[in-house]
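The structure under discussion appears below in the form of structure tokens.
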Amino acid sequence: MKVSKAKLAIAAGTALMVASLQPAFAAEQKTKPILGIPSSAVASFGGEYGVHNWVESLFYYIMLDNRINYIFKEFGNVERQIALNTQLEQMVLGAKVEYQGASMSAAHADLGITMTQFNAVVEAAYNACERNQIPYYSCNHLIAALAPFTRVIVTK
């Protein structure tokens, strides 16, 4: 699955549009699976184990990207971030997993994340989908499920 820059831009734009339609306080509430995510979403990632593999691939691409890798190196334990992101991704895709990390606003408040940096993580997410042979539409489900958090992650 080769993701063109045009498809990536369309998907990112769609995710941002969805985010803009969400209430501003969405990230302050307990994180829950997003309505509209099909019950097959976790299965399309290869189950909970497949989601974990995807998150490891995501961080592989993040750590290769000089636009964003320093943020993850400087502000957190990457192995812990992989574990917490695995919980988060599994939960938003509908798995019966409890996310034990901080709220998205608390976790990102002091990082000064820009939209360019946010989009670099979205790009890494699509690369991780390609690496794990996850269908493009399934990757879009995950990106759409995480889009409401844009407002609290992008603070600069």
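Numbers here are sequence positions counted from 1. Side chains are part of it too, since the values below use all heavy atoms of this structure and drop only hydrogens, waters and symmetry mates. Values in this document were obtained by computation on a predicted structure and should not be read as measured data.
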Within this structure, what is the OG1-CZ distance for the pair T150 and F118, rounded to the nearest 0.5 Å? 3.0 Å
Among the clusters formed by ILVMFWY side chains lying less than 4.5 Å apart, do F59 and I143 turn up in the same one? yes
So which atom in D65 and which in A120 form the shortest heavy-atom distance, rounded to 0.1 Å? OD2-CB, 3.9 Å
Test log, rule side chain to side chain contact (heavy atoms under 4.5 Å, CB included), inputs L93 and L142: CA-CA 7 Å; L93 289 171; L142 179 61; 4.0 Å; yes
Do M115 and Y126 belong to the same hydrophobic cluster, where Ile, Leu, Val, Met, Phe, Trp and Tyr are linked whenever their side-chain heavy atoms lie under 4.5 Å apart, directly or via other members? yes
Spacing of NE2 belonging to H52 relative to CG belonging to N85, to within rounding of 0.5 Å: 11.5 Å
Is E48 close to V51 at the side-chain level, that is, under 4.5 Å between some pair of heavy atoms? no
One pair to check against side chain to side chain donor-acceptor pair (under 3.5 Å): S103 and S105. What are the steps and the verdict? CA-CA 5 Å; S103 71; S105 57; 3.2 Å; yes
Please give me the minimum heavy-atom distance between A124 and Y61, naming the atom from each residue. CB-CB, 3.8 Å
Once you round to the nearest 0.5 Å, how far does CZ of R131 lie from CG of N53? 10.0 Å
Value rounded to 0.5 Å, distance of CE in M104 from CG in L146: 8.5 Å
Out of curiosity, does L84 fall in the hydrophobic cluster containing L58 (side-chain heavy atoms, cut-off under 4.5 Å, transitive links)? yes
Is there a path from I62 to Y60 through hydrophobic residues (I, L, V, M, F, W, Y) whose side chains come within less than 4.5 Å of each other? no
Would you find a donor on one side and an acceptor on the other, under 3.5 Å apart, between the side chain of N132 and the backbone of I134? no
Between I82 and E56, is there a side-chain heavy-atom distance shorter than 4.5 Å? yes
Distance from Y99 atom OH to Q87 atom CD, nearest 0.5 Å? 8.0 Å
Check: Q117 and K156 side chains under 4.5 Å, non-hydrogen atoms: no
Transitive ILVMFWY side-chain link V78 to I113, under 4.5 Å: yes
Going from OG on S138 to CH2 on W54, what distance comes out if it is rounded to the nearest 0.5 angstrom? 12.0 Å
V152 versus H108: any side-chain heavy-atom pair under 4.5 Å? no
Ignoring hydrogens and geometry, is there a side-chain-to-backbone donor-acceptor pair from E89 to T86 under 3.5 Å? no
Can you name the nearest heavy-atom pair linking T155 to A109, along with the distance? OG1-O, 4.2 Å
V121 side chain reached by I68 side chain, heavy atoms, under 4.5 Å: yes
